[in-house]
Amino acid sequence: MDSRRDFLQKLTLGIGATALSDLPATARELYSGPKADKQLHVAIMGLGSYGTRVAEAMKDCKMATLVGAVSGTPAKLEDWKKKYNIPEKNTYNYDTVSDIKDNPDIDIVYITTPNSLHHKHVLQIAAAGKHVLCEKPVADNAKQTREMIAACEKAGVKFYIGYRMHFEPHTRELIRMREAGELGKIMHVNNYMGFKSGDPNQWRLKKALAGGGAMMDVGIYALNGARYCTGEEPIWVTAQETKTDPVKFKEVDETIMFQLGFPSGVVASCGTTYNFNNYERLYVIGEKGFVELSPAFSYGPIKGRTHNGPMNQPVITHQTLQMDGIADIILNNKPDPNVSGAEGLKDMIVVDAVYESIRKGGAKIMLAGK
């Protein structure tokens with residue numbers, strides 16, 4: 001298994017692994033999508049495995065249309081032009097991407113480049129006057145994230161983070177149940193996400209490109225999940241790291257367990273790893289009931305149960321829902337389901353605190369004022 005993308009793809013057993021066009025008719029019919037008088041024109045920056053997954057999912061979008069591509073590899077641009085019918089004038093490399101400011105055919109750029117390039121690329125796209133959707137984690141730290149938010153605000157463009165779970169039906173139902181009081185007072189959260197990392201030469205194990213290891217890459221799912229399970233922001237963090245292979249994981253973290261304390265008194269017990277598989281679950285317990293999702297964060301199909309029985313939400317490609325959801329927000333002025341740059345900052349403040357706690361031997365880090 002060479003990367004997180006490979007891991008997540010291998011978890012997509014069944015119809016969650018395919019584009020909507022490959023689903024049975026009954027499943028395709030479940031997705032009617034939002035409506036608008038116009039389309040949101042999207043360019044993807046970073047044409048690797050995840051950029052390709054988004055492009056394939058967008059074939060089924062109702063409001064978001066793929067019209068552009070940005071890559072440092074000319075062969076990829078040639079392939080995408082043919083495969084997705086992208087005009088030559090809508091293709092750019094990393095040296096010419098600033099020219100996108102003169103292209104009225106592109107409304108928003110989805111940045112799917114390696115994590116530590118997000119900061120640079122978001123600043124570039126904001127300066128070009130285009131809306132920005134950036135894959136998570138938003139940046140290497142909270143300081144960079146604040147700079148990205150400020151750049152987008154200065155340019156007058158919208159800034160969103162690729163939190164696809166906020167558009168996923170099972171996750172949306174969990175949030176609805178919690179907001180409706182169906183779980184009662186939240187008592188405990190237990191979330192974890194990880195996998196066994198393969199290729200020791202992959203960019204995700206290089207701090208200069210990844211920013212960090214399992215915590216940055218997939219631990220953020222457990223962290224973000226704890227926030228939407230409680231509807232609160234953590235006020236303290238403690239964390240512990242273990243490393244069984246100090247050579248392979250010389251530059252980045254391997255396994256981290258972290259605990260989040262919330263104002264109501266809830267403590268979320270979370271974990272993430274690059275060292276083993278079959279590690280993915282979200283479990284929230286309230287005084288009146290519970291929700292368990294497992295798988296909870298991979299590409300699907302997400303499966304869940306509650307105190308009322310099995311969850312039966314529709315299984316739809318996450319990236320299709322996300323891209324149409326972003327288009328709906330922008331074109332129809334719909335509410336943002338917690339995927340803004342500000343939400344990304346909230347996660348990065350906690351990630352910074354996790355690493356600070358580890359440096360201080362597992363000390364409790366208070367988040368007030370950070």
Side-chain angles (χ1 to χ4, degrees), residues 2-6 8-10 12 15-25 27-28 31 33 36 38-114 117-118 120-122 124-125 128-135 160 162 164 199 202-203 209 299-300 316-327 330-331:
D2 293 337
S3 71
R4 161 183 167 270
R5 304 299 186 202
D6 295 333
L8 293 175
Q9 186 169 5
K10 288 178 181 179
T12 55
I15 63 177
T18 66
L20 285 177
S21 56
D22 297 325
L23 298 180
R28 291 200 304 273
Y31 184 67
K38 62 175 291 187
Q39 296 282 300
L40 186 72
H41 296 159
V42 180
I44 294 178
M45 185 174 187
L47 310 185
S49 60
Y50 193 70
T52 299
R53 176 174 285 276
V54 173
E56 289 297 311
M58 287 186 67
K59 291 178 179 179
D60 297 299
C61 284
K62 308 299 183 181
M63 290 178 58
T65 304
L66 178 62
V67 300
V70 184
S71 176
T73 306
K76 287 184 179 180
L77 287 173
E78 288 300 316
D79 180 56
W80 276 52
K81 283 193 294 185
K82 297 173 184 176
K83 190 172 184 179
Y84 302 110
N85 195 30
I86 295 174
E88 172 68 31
K89 65 184 181 66
N90 289 357
T91 62
Y92 302 88
N93 59 46
Y94 297 124
D95 294 325
T96 65
V97 70
S98 61
D99 294 340
I100 205 169
K101 66 181 182 295
D102 300 317
N103 190 336
D105 293 345
I106 295 173
D107 301 316
I108 188 169
V109 177
Y110 191 176
I111 295 169
T112 62
T113 52
L117 299 179
H118 291 176
K120 173 184 177 180
H121 290 158
V122 167
Q124 283 181 305
I125 300 306
K130 302 297 181 182
H131 299 311
V132 185
L133 173 59
C134 180
E135 184 53 26
Y160 300 106
R164 59 185 166 79
D199 181 7
Q202 63 180 283
W203 67 262
L209 288 175
Y299 297 147
I316 302 169
T317 305
H318 299 177
Q319 292 78 9
T320 304
L321 292 170
Q322 173 186 277
M323 298 311 293
D324 264 349
I326 293 294
I330 293 174
L331 299 178

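We number each residue from 1, following the sequence as shown. Treat the numbers as computed from the prediction; the structure is a model and nothing was measured.
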#### Entry: Validation row: Y299, R53 side chains within 4.5 angstrom (heavy atoms)
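With C-beta onward as the side chain, the pair touches.
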### Query
Can you tell if the side chain of D60 reaches within under 4.5 Å of the side chain of T317, non-hydrogen atoms only?
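No, side chains not in contact.
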### Query
Is it the case that Y94 and Q124 place a side-chain donor and acceptor less than 3.5 Å from each other?
no
### Message
Would you say Q319 and Y110 are linked by a side-chain donor-acceptor pair, where the criterion is simply a distance under 3.5 Å?
### Response
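No, because no side-chain N or O of Y110 sits under 3.5 Å from a partner of the opposite role on Q319.
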### Non-neighbouring partners of H318 that pass side-chain hydrogen bond (donor to acceptor under 3.5 Å, both in side chains), sequence neighbours left out
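Checked H318 against side-chain hydrogen bond (donor to acceptor under 3.5 Å, both in side chains); matches are R164.
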#### Entry: Set of residues satisfying side-chain hydrogen bond (donor to acceptor under 3.5 Å, both in side chains) with respect to T65, sequence neighbours excluded
Q39
### Query
To the nearest 0.5 Å, how far apart are CG in L77 and CG in L47?
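One finds 6.0 Å between CG of L77 and CG of L47.
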### Message
To the closest 0.5 Å, what do you measure between CD1 (I44) and CG (L66)?
### Response
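The CG atom of L66 is 5.0 Å from CD1 of I44, to the nearest 0.5 Å.
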### Task
Would you confirm whether T113, through its side chain, and G46, through its main-chain N or O, come within 3.5 Å as a donor-acceptor pair?
no
Contacts table for residues 68-76: side-chain donor-acceptor under 3.5 angstrom, sequence neighbours left out:
unit_1: S71; atom_1: OG; unit_2: T73; atom_2: N; d: 3.0

### Task
Please name the pair of heavy atoms, one in W80 and one in A55, separated by the smallest distance, quoted to 0.1 Å.
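Smallest heavy-atom distance, with atoms named: CH2-CB, 3.6 Å.
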#### Entry: Steps toward side chain to side chain contact (heavy atoms under 4.5 Å, CB included) verdict (H121, V97)
CA-CA 9 Å; H121 290 158; V97 70; over 6 Å; no
### Message
Checking K83 now: which residues fulfil salt bridge (Lys or Arg N to Asp or Glu O under 4.0 Å) with it, not counting sequence neighbours?
### Response
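In terms of salt bridge (Lys or Arg N to Asp or Glu O under 4.0 Å), with neighbours along the sequence ignored, K83 is linked to E56.
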Run the side-chain donor-acceptor check on residues 99-109: report pairs under 3.5 Å with partners two or more places apart or on a different chain.
unit_1: N103; atom_1: OD1; unit_2: D105; atom_2: N; d: 2.9
unit_1: N103; atom_1: ND2; unit_2: K89; atom_2: O; d: 3.3
unit_1: N103; atom_1: ND2; unit_2: N90; atom_2: OD1; d: 2.7
unit_1: N103; atom_1: ND2; unit_2: Y92; atom_2: OH; d: 2.9
unit_1: D105; atom_1: OD2; unit_2: K89; atom_2: NZ; d: 2.1
unit_1: D107; atom_1: OD2; unit_2: H41; atom_2: N; d: 2.8

### Query
Step by step, would you call L40 with M63 a side chain to side chain contact (heavy atoms under 4.5 Å, CB included)?
CA-CA 6 Å; L40 186 72; M63 290 178 58; 5.9 Å; no
